[in-house]
Amino acid sequence: THREVEEALVSATKASKRVADYLKEKGIQARVVILDESTRTSQLAADALGCTVAEIAKSIVFKTGEQAVVVVISVDRRVDAWKVGALLGT
């Protein structure tokens, strides 16, 4: 419904602001972009941004016990979960 879409957009905007604020606080120069186009696939995201798929990043969260690690990697690459586990000492 229209209301659900509005609520989702408000939620996305708030989340984007939190991410932007965190990056700024940590001194990381970045630009948070909210796209009107669908970005369900890497190719759609690249098309919407006018770049190649290799220039798009994905993030994957690994959690072990109380520790969580976010891996950010180009979408055309694969994360080796075993190597991440080894780095985390699991």
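Of the residues listed (Val72, Val79, Ile73), the one engaging Ser59 in a side chain to side chain contact (heavy atoms under 4.5 Å, CB included) is Val72, and it is the only one.
Distance OG1/Thr41 to CG/Asp47: 7.5 Å, rounded to 0.5 Å. Atom-to-atom distance recorded for Lys63:NZ and Leu88:CG is 12.5 Å, nearest 0.5 angstrom. Atom CD1 in Ile60 sits 9.5 Å away from atom CZ in Arg78 (nearest 0.5 Å).
Around NZ of Lys58, the count of heavy atoms belonging to other residues, nucleotides or ligands within 6.0 Å exceeds 12.
Nearest heavy atoms, Leu49 versus Leu35: CD2-CD2, 3.8 Å. Across every non-hydrogen atom of Ser38 and Leu44, the tightest pair is O-CB, 3.4 Å.
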Lys17/Asp21 under side chain to side chain contact (heavy atoms under 4.5 Å, CB included): CA gap, chis, key distance, verdict: CA-CA 6 Å; Lys17 182 166 178 2; Asp21 289 346; 3.0 Å; yes

Chi angles and distances behind the side chain to side chain contact (heavy atoms under 4.5 Å, CB included) call for Ile56, Ser42: CA-CA 7 Å; Ile56 304 257; Ser42 302; 5.5 Å; no

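Inspection of the Glu55 and Thr52 side chains reveals an N or O donor paired with an N or O acceptor under 3.5 Å.
Listed for the Ser74 side chain is no donor-acceptor partner under 3.5 Å among the backbone atoms of Arg77.
By the rule that hydrophobic residues join a cluster once side-chain heavy atoms approach within less than 4.5 Å of another member, Val70 and Val19 end up as members of separate clusters. When the side chains of ILVMFWY residues are joined at heavy-atom separations under 4.5 Å, either directly or via intervening members, Val53 and Val33 end up in a single hydrophobic cluster.
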